[in-house]
Amino acid sequence: MAGSSIKPTPLLKDELDIVIPTIRNLDFLEMWRPFFEPYHLIIVQDGDPSKTIKVPEGFDYELYNRNDINKILGPKASCISFKDSACRCFGYMVSKKKYVYTIDDDCFVAKDPSGKEINALEQHIKNLLSPSTPYFFNTLYDPYREGADFVRGYPFSLREGHPTAVSHGLWLNIPDYDAPTQLVKPMERNTRYVDAVMTIPKGTLFPMCGMNLAFNRELIGPAMYFGLMGDGQPIGRYDDMWAGWCVKVICDHMGWGIKTGLPYIWHSKASNPFVNLKKEYKGIYWQEEIIPFFQSAVLTNECNTVQKCYIELAKQVKQKLGKLDPYFIKLADAMVTWIEAWDELNSPQGKSVEEKPATNDNAK
């Protein structure tokens, strides 16, 4: 496997959904049309459900608003955040595909140093379909890429690798900074294109950004809960990071890998740092306790499914982080509700989504 060229990647047209959270018309899809048009889109409309969201013609999509979420999940809809991009995880729940790619509506097609447009989705698929190396770091980064291999001293017993659960992409132009960093570096732009993919080592956490992210839904989907954030909650902008910390602990436990690096997208719009600070300030304080919690979290051998792992993490969140603030007790309960709702919609005996949301007229 190592050292050989990667075979042409299948489109996975019938095995991948693209999930987009939004509050506005999706004109940005025109730029992505050459790459996204073959795929099915799941659009999760945040905010006012009476507002009409326009989607360019020719895309195969279904659109869910808050009324749809409440109708489908009933009382369990309380676990889906409101007025926060964390609502996107509802799209993960209702998807029936093996893979999911999620992108924000202010992210455009980037260009590599040669000026060629980057097919971000294709690179994510390559990442997900090749193994990860979480147990031993390869100094040439991803050994499965064309032109790379395992370096001298890499154990042969580990060269087969492990399944890749998550592909975490990066961004050019507007960096994914917290509010304090935004305030002191208001004009900073990321122009560094690093042509590399690497596996995040076992035991190492990372700050997961949800604006350019793909994952194997069959492997890790039930843990991709973006938390209880936004309207009515004391914290925002930690939704994707919360999911990333939970996912990393579970992937380490289950023996799966997470890759980061390529592909890049062009992040076009900087959010207001003062608004962000209001959303983040408790998280900035709390993360000094949250991160050590995840670093020391241990899952038992009885946790042999993602759902069992996640329920156990929720229990530990309530026991240990609940002392930090009552919000974490509420969050832990929402984590359990999320798993219950996931299983209800996704088990063979579970209910199907009978009430169809808004769709285009020419679905493929």
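Using modelled atom types, one side-chain atom of T305 and one backbone atom of K308 make a donor-acceptor pair closer than 3.5 Å. Of the possible donor and acceptor atoms, one in the side chain of H168 sits under 3.5 Å from a partner among the backbone N and O of C209. Side chain of D112 to backbone of K116: a donor-acceptor contact under 3.5 angstrom is found. In terms of modelled atom types and a separation under 3.5 Å, the side chain of W338 and the main chain of P222 share a donor-acceptor contact. Of the possible donor and acceptor atoms, one in the side chain of K51 sits under 3.5 Å from a partner among the backbone N and O of I23. Using a distance-only test at 3.5 Å, with no hydrogens or angles considered, a donor-acceptor pair links the side chain of S95 to the main chain of K97. Remark: side-chain polar atoms of D240 are paired, donor with acceptor, to backbone N or O of G210 under 3.5 angstrom. With hydrogens and angles disregarded, a donor-acceptor distance shorter than 3.5 Å links the side chain of Q182 to the backbone of S271. A side-chain donor-acceptor contact under 3.5 Å links S81 to the backbone of G227. Judged by distance alone, the side chain of N25 and the main-chain N or O of K54 form a donor-acceptor pair under 3.5 Å.
Within the 6.0 Å centre-distance limit, the rings of F136 and Y154 are counted as a close aromatic pair. Checked against a 6.0 Å centroid threshold, the rings of W286 and Y327 count as neighbours. Checked against a 6.0 Å centroid threshold, the rings of W242 and F294 count as neighbours. H40 has its ring centre no less than 6.0 Å from the ring centre of Y61.
Atom-to-atom distance recorded for E288:CD and I284:CD1 is 9.5 Å, nearest 0.5 angstrom. Note that CD of Q45 is 8.5 Å distant from CG of D68, once rounded to the nearest 0.5 Å. In this structure, E340 CD and Q307 CD are separated by 11.5 Å, a value rounded to the nearest 0.5 Å. One finds the OG1 atom of T133 at 9.0 Å from the NE2 atom of H162 (value rounded to the nearest 0.5 Å). Atom CG of residue L129 and atom NZ of residue K126 lie 10.5 Å apart, to the nearest 0.5 angstrom. With rounding to the nearest 0.5 Å, the separation of CH2 in W32 from CD1 in I20 is 10.0 Å.
Side-chain contact between V100 and N216: absent, with no pair of heavy atoms (C-beta onward) separated by less than 4.5 Å. For the pair I250 and L299, the minimum side-chain heavy-atom distance is below 4.5 Å. At least one side-chain heavy atom of V166 sits less than 4.5 Å from a side-chain heavy atom of I220. Taking the side chain as every heavy atom from C-beta outward, V249 and H253 never approach each other to under 4.5 Å. Between P207 and M241 there is a side-chain heavy-atom pair separated by less than 4.5 Å. I53 is listed as a side-chain neighbour of T22, based on a closest heavy-atom distance under 4.5 Å. Proximity of I103 to N212: side-chain heavy atoms (C-beta onward) are nowhere separated by under 4.5 Å. Here the side chains of L228 and I235 are not in contact, with every heavy-atom distance at 4.5 Å or above.
L321 and I311 fall within a single hydrophobic cluster, where Ile, Leu, Val, Met, Phe, Trp and Tyr side chains are chained together by heavy-atom contacts under 4.5 Å. Hydrophobic clustering, with ILVMFWY side chains joined whenever heavy atoms are under 4.5 angstrom apart, groups W171 together with W266. Taking hydrophobic clusters as Ile, Leu, Val, Met, Phe, Trp and Tyr residues chained together by side-chain heavy-atom distances below 4.5 Å, M211 shares a cluster with L170. In the hydrophobic clustering of this structure, F226 groups with L205; members are Ile, Leu, Val, Met, Phe, Trp, Tyr whose side-chain heavy atoms approach within less than 4.5 Å, directly or through other members. I339 is not connected to I329 by any chain of hydrophobic side-chain contacts under 4.5 Å among Ile, Leu, Val, Met, Phe, Trp and Tyr, and they are in different clusters.
Between Y238 and W245, the angle of the ring planes lies from 30° to 60°, which puts this pair in the tilted group. Ring pair F90/Y64 is perpendicular by interplanar angle, where above 60° counts as perpendicular and below 30° as parallel.
Nearest heavy-atom pair across E280 and A179 is OE1-N, 2.8 Å. Of all non-hydrogen atoms in M254 and N304, the two that sit nearest each other are CE-O, 3.6 Å. Residues E30 and P56 come closest through the heavy atom pair OE2-CB, 3.3 Å. Among all heavy-atom pairs drawn from T102 and P21, the shortest one is OG1-CD, 4.3 Å. Closest approach of L73 to L345, counting heavy atoms only: CD2-CD1, 3.8 Å. Residues G322 and F328 come closest through the heavy atom pair N-CB, 4.0 Å.
For Y135, the OH atom sits in a packed shell: over 12 heavy atoms of surrounding residues, nucleotides or ligands are nearer than 6.0 Å. Heavy-atom contacts from other residues, nucleotides or ligands closer than 6.0 Å to OH of Y281 number 12 or fewer.
Counted by atom type alone, N138 and R159 present zero donor-acceptor pairs between their side chains at under 3.5 Å. In the model, D106 has a side-chain atom that pairs as donor or acceptor with a side-chain atom of H267 under 3.5 Å. If you check the side chains of S167 and H124, you find a donor sitting under 3.5 Å from an acceptor. Donor-acceptor pairing under 3.5 Å is lacking for the side chains of K248 and T204. Donor-acceptor pairing under 3.5 Å is lacking for the side chains of Q123 and N119.
Listed by first and then second residue, the ring pair (Phe, Tyr, Trp, His ring centres under 6.0 Å) pairs that reach into residues 175-199 are Y193-Y264, sequence neighbours excluded.
Ion pairing between a basic and an acidic side chain is recognised when a charged N comes within 4.0 Å of a carboxylate O; D142 and K259 show such pairing. Salt bridge absent: R237 and D178 never bring a charged side-chain N and a carboxylate O closer than 4.0 Å. Ion pairing of E344 with K76 is present here, as a side-chain N (NZ or NE/NH1/NH2) and a carboxylate O approach within less than 4.0 Å. Checked for salt-bridge contact, D195 and R145 meet the test: a charged N lies under 4.0 Å from a carboxylate O. A salt bridge between D104 and R88 is present, with a side-chain N of the basic residue lying under 4.0 Å from a carboxylate O of the acidic one. Ion pairing between D252 and K202 fails under the 4.0 Å rule for side-chain N and carboxylate O.
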**Evaluation steps, side-chain contact (heavy atoms from CB on, under 4.5 Å), between M224 and M208** = CA-CA 11 Å; M224 272 291 178; M208 189 173 81; 3.9 Å; yes
**Request:** Could you check I174 against R189 for side-chain contact (heavy atoms from CB on, under 4.5 Å), going step by step and ending with a plain yes or no?
**Result:** CA-CA 5 Å; I174 305 296; R189 300 294 181 265; 3.3 Å; yes
**side-chain contact (heavy atoms from CB on, under 4.5 Å) evaluation trace for I80 with R66** = CA-CA 9 Å; I80 304 297; R66 193 71 201 187; 3.8 Å; yes
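With F215 as reference, Y92 is the one residue of Y92, Y101, Y99 to meet the ring-ring contact (aromatic ring centres under 6.0 Å, His included) rule. Of the candidates D105, D46, D48, D105 is the only one forming a salt bridge (Lys or Arg N to Asp or Glu O under 4.0 Å) with R24.
If you chain together ILVMFWY residues whose side-chain heavy atoms come under 4.5 Å of each other, M187 ends up in a group of its own.
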